[in-house]
Amino acid sequence: AALQALKRKKRYEKQLSQIDGTLSTIEFQREALENSHTNTEVLKNMGYAAQAMKKVHENMDLNKIDDLMQDITEQQDVAQEISDAISNRAGFGDEFDEDELMAELEELEQEELNKGMRNVRLPSVPSTSLPSRPGKLPACHFTFLMINPCSSTRKRAEDEDEMKQLAAWAS
């Protein structure tokens, strides 16, 4: 009885293996059929798209399209020229070269600066000698470091005159 049971078990395992192989084959064929159906639909739709594109392009001529694009470009150029002509100021200083004007302005500025420099008075050199060792010096000797209290009123008046000249020149 045990031997019979083992034989049956082997037979069932063999049948199970065959059934499993059959199921795998059927599943493979089902997937292949699905893929074929999908491919057929894709091909059919691509054919429809090609026919539709042919119909659309039937009335189009590449030479006509090229001519049309050239016309559009020409009209855009004309519109740009018109826009440029309208936006340019007519007779408002366009006849002068901007580089020449800038050079002349720099010359005038330099002349004014030179005139201003002629009127600048430098402080006089101290007549007393400096001490040989560091110590306290009178406040008048520190003109290069701070406002000279000996001539602050005169300096302030000169600065005000220079500011007035500069304001007059700027306006």
Side-chain angles (χ1 to χ4, degrees), residues 6-123 143-147 155-171:
L6 273 176
K7 283 183 184 180
R8 254 191 322 242
K9 180 184 172 200
K10 290 288 183 186
R11 224 181 20 236
Y12 289 150
E13 285 178 355
K14 187 176 179 184
Q15 281 179 342
L16 183 62
S17 175
Q18 287 174 344
I19 292 172
D20 191 39
T22 304
L23 285 175
S24 293
T25 303
I26 290 172
E27 192 173 324
F28 175 75
Q29 286 179 340
R30 183 184 58 81
E31 288 174 0
L33 280 172
E34 284 178 0
N35 287 339
S36 295
H37 180 68
T38 302
N39 290 341
T40 303
E41 288 298 315
V42 167
L43 224 65
K44 189 170 29 170
N45 287 325
M46 287 175 73
Y48 292 149
Q51 287 174 356
M53 287 176 68
K54 244 186 212 180
K55 249 185 192 177
V56 168
H57 293 138
E58 218 170 63
N59 297 326
M60 290 187 192
D61 182 15
L62 288 179
N63 291 330
K64 287 181 184 178
I65 293 171
D66 198 31
D67 291 343
L68 179 65
M69 293 308 292
Q70 285 177 352
D71 288 344
I72 290 172
T73 303
E74 287 173 11
Q75 290 307 313
Q76 286 176 339
D77 290 343
V78 168
Q80 184 63 41
E81 288 177 17
I82 291 170
S83 177
D84 290 345
I86 290 172
S87 65
N88 283 339
R89 297 182 301 168
F92 295 116
D94 290 342
E95 66 272 1
F96 301 112
D97 182 22
E98 191 170 325
D99 292 334
E100 289 177 11
L101 290 175
M102 288 303 292
E104 187 175 342
L105 178 62
E106 287 177 14
E107 284 179 30
L108 290 172
E109 288 174 344
Q110 187 62 43
E111 285 177 18
E112 286 295 320
L113 184 62
N114 290 343
K115 283 180 187 176
M117 293 301 287
R118 283 186 216 130
N119 296 333
V120 173
R121 292 190 183 104
L122 296 175
T143 56
F144 62 92
L145 295 176
M146 57 187 213
I147 297 174
K155 178 71 173 155
R156 196 173 304 129
E158 287 175 7
D159 288 345
E160 288 175 6
D161 288 341
E162 287 180 290
M163 290 302 288
K164 286 178 185 175
Q165 288 176 356
L166 184 61
W169 176 80
S171 60

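Numbers for residues simply follow the sequence, beginning at 1. Values reported hereafter were calculated over all heavy atoms of this structure, with side chains retained and with hydrogens, waters and symmetry mates removed.
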Between the NZ atom in K10 and the CG atom in L6, the distance rounded to the nearest 0.5 Å is 7.5 Å
message = A quick test of your reading: do over 12 heavy atoms of other residues, nucleotides or ligands sit less than 6.0 Å from CD of E158?
response = yes
| Is it true that a side-chain atom of S17 and a backbone atom of E13 form a donor plus acceptor pair closer than 3.5 Å? | no
Query - Test side chain to side chain contact (heavy atoms under 4.5 Å, CB included) applied to K115 and E112, step by step - result: CA-CA 5 Å; K115 283 180 187 176; E112 286 295 320; 4.0 Å; yes
inquiry  = Does either side chain, that of D161 or that of Q165, offer a donor lying less than 3.5 Å from an acceptor on the other one?
reply    = no
Interatomic distance, CD@E111 vs CG@L113, rounded to 0.5 Å, equals 11.0 Å
Taken to the nearest 0.5 Å, the spacing of E100 CD from E98 CD works out to 11.0 Å
Can you list, pair by pair, the side-chain donor-acceptor contacts under 3.5 Å of residues 56-72, counting residues two or more places apart and other chains?
residue : atom : partner : partner atom : Å
H57     : ND1  : M53     : O            : 3.1

Listed pairs under 3.5 Å, donor-acceptor, residues 20-31 side chains, sequence neighbours left out:
residue : atom : partner : partner atom : Å
T22     : OG1  : Q18     : O            : 2.8
S24     : OG   : D20     : O            : 3.1
T25     : OG1  : G21     : O            : 2.9
R30     : NH1  : E34     : OE2          : 2.8

Taken to the nearest 0.5 Å, the spacing of D77 CG from I82 CD1 works out to 11.0 Å
Main-chain N/O of S36 paired to T40 side chain as donor or acceptor, under 3.5 Å
yes
